[in-house]
Amino acid sequence: MDKLIIRGGNRLSGRIPISGAKNAALTLIPCALLTEEPVTLRNLPRLADIDGFQHLMTQFGVATGIRGNRPEDFGRVVTYESGHLTSTVAPYDLVRKMRASILVLGPLLARAGEATVSLPGGCAIGNRPIDLHLKALEAFGAQIELTQGYVKAMAPDGGLPGGDFDFPVVSVGATENALMAASLTNGTSRLFNAAREPEIVDLCNLLTAMGAEIEGIGTSDLTIHGVKKLNGATYKVMPDRIEAGSYACAAAITGGEVRLEGACEADMHSTNTALRNIGVEIESDKHGMTVRADGPLKATNLSTAPFPGLATDMQAQLMSLLCKAEGTSVLKETIFENRYMHVPELMRMGADVETEGRTAIVRGPVDLTGAEVMATDLRASMSLIIAALAAEGETQVRRIYHLDRGYERLEEKLQLVGADIERVGDE
Ligand code: UD1
């Protein structure tokens, strides 16, 4: 298995191109199941999770045509053709590798009148149930059965009538499943307390381009007037705000100056506010953002929350940065119950962090030192890379398949700005 070797201490400087957003792509791809016509997505990141989802789509008889597949291309263009669905079953073997597979449930049900999807099972960052996905679809008139580890959803003859659902907890995935299903129903559906992450807006924009009628885009109350048929569309995936935020932390921890080409400040307000409070300068224009940290870093208190609050997917990376900030920072993780698994690894690199339940206290600044580390999820792995960039000596990061799931050409992008990082095969 490959590992990354990072020799810390280089000040990052230069330009990093930001890729298409993984989490947007994972809900845009299943939209192709909603129509017989081709759906073309541009700016798809080259990531293991996207390849996995593509594989899942072929399971339903979807033909995919890929352009932009040369090694030097950033951002692929993929056309999905779902003229005739040959299966509505998502088997365990494919779903267990990628939780986002549950996002085929809503579109398959709405298009074919039935769908059988394996339950995703546990996950390193918490239990992550799917009850809200199922309750929303039930509210639209679906019948749901759980049997032998599978969810079987069925629509009445003639299709889903649609209905109203009030989310007791804000859920990105459940909102996405509900939006995709509600777009292709016989009636009007209303969603209350829906997630309003930028990735949800991206989804609504694609659905609208496909002929869906959605009111309230960008707010937590959405009204969807179902239509009988959706058409194909060509759509460009939004920039990855978490990737951009991660590289902003990487630049800042080295006291560097990096231009994040294509990053969109409007999607990153909470992350950028946190970074500015820490003492990082950020300038943005319509083509990207420049991040500069030439003064001392200051401690700050942070709490994750649904958008427009601070993304839970930025918590680990900001924690690494706070290890180099003057003073005591208090972090609260309100979305997932088990998302401090990077802490013991950061402590092995010299971090001073104490956790109690959902709270973490970070004392800084500390001298970080290189170590052999490994992480159990994607963003946790990135937090170790960020710490390693500022650490004295060499860090070896193992289990980097997590990073390959979510960061397109990580080491290449960091090398572009002067990091000493290389991927080597494990002996
Ligand atoms: C998505 C993102 C993930 C991000 C998360 C929160 C994708 C592919 N993944 O995950 O990167 O960290 O949003 O921003 O887009 N919940 C329930 N029942 C449900 C669904 C969720 O109780 O049916 C709970 C979860 O346990 C969690 C909270 O709701 O505590 C938020 O989860 P959710 O927004 O659904 O996360 P995902 O869509 O899985």
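Using a 4.0 Å cut-off between charged side-chain N and carboxylate O, Arg399 and Asp2 make no salt bridge. Look at Asp285 and Arg259 and you find a salt bridge, because one of the NZ, NE, NH1 or NH2 atoms lies within 4.0 Å of a carboxylate O, short of that distance. Taking a cutoff of 4.0 Å between a charged side-chain nitrogen and a carboxylate oxygen, Glu138 and Lys135 do not qualify as a salt bridge. Ion pairing between Glu333 and Arg358 fails under the 4.0 Å rule for side-chain N and carboxylate O. Salt bridge status for Arg241 with Asp267: absent, with no side-chain N to carboxylate O gap under 4.0 Å. Electrostatic pairing of Asp313 and Arg339 counts as a salt bridge here, judged by a charged N lying under 4.0 Å from a carboxylate O. By the 4.0 Å N-to-carboxylate-O rule, Lys229 lies close enough to Glu36 to be salt-bridged with it. With salt bridges taken as basic N to acidic carboxylate O contacts below 4.0 Å, one links Lys413 and Glu243.
Remark: side-chain polar atoms of Arg7 are not paired, donor with acceptor, to backbone N or O of Ile421 under 3.5 angstrom. Without hydrogens or angle criteria, Asp202 side chain to Met238 main chain gives a donor-acceptor distance under 3.5 Å.
A donor atom on one side chain and an acceptor atom on the other are not found under 3.5 Å apart for Thr40 and Tyr235. Tyr80 and Gln54 form a side-chain donor-acceptor contact under 3.5 Å, judged by distance and modelled atom types alone. Under 3.5 Å, the side chains of His225 and Thr188 contain a donor-acceptor pair of N or O atoms. Of the N and O atoms on the side chains of Gln317 and Ser383, not one donor lies less than 3.5 Å from an acceptor on the other residue. Using a 3.5 Å distance cut-off with no hydrogens or angles, the side chains of Glu257 and Ser13 do not pair a donor with an acceptor. Side-chain contact, Thr369 with Glu392: no donor N or O sits under 3.5 Å from an acceptor N or O. The closest side-chain donor-acceptor pair between His402 and Asp377, if any, does not fall under 3.5 angstrom.
The SG atom of Cys249 sits 7.0 Å away from the CD1 atom of Ile278 when rounded to the nearest 0.5 Å. Distance check, rounded to the nearest 0.5 Å: CD1 of Ile224 to SG of Cys204 gives 7.5 Å. Here the CD atom belonging to Glu176 is positioned 7.5 Å from the CD atom belonging to Glu199, to the nearest 0.5 angstrom. Taken to the nearest 0.5 Å, the CD1 atom of Ile130 stands 3.5 Å off from the CD1 atom of Ile102.
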Task: CA sep, side-chain torsions, deciding dist, call: Asp49, Arg99, salt bridge (Lys or Arg N to Asp or Glu O under 4.0 Å) - done: CA-CA 10 Å; Asp49 268 11; Arg99 280 190 49 86; over 6 Å; no
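Evaluation of the salt bridge (charged side-chain N to carboxylate O under 4.0 Å, His left out) rule for Glu283 yields Arg292 as partners, not counting sequence neighbours.
Asp164 approaches Ser189 most closely through the heavy-atom pair OD1-C, 4.1 Å.
Exactly one residue among Ile200, Thr27, Ile217 makes a side-chain contact (heavy atoms from CB on, under 4.5 Å) with Leu179. That residue is Ile200.
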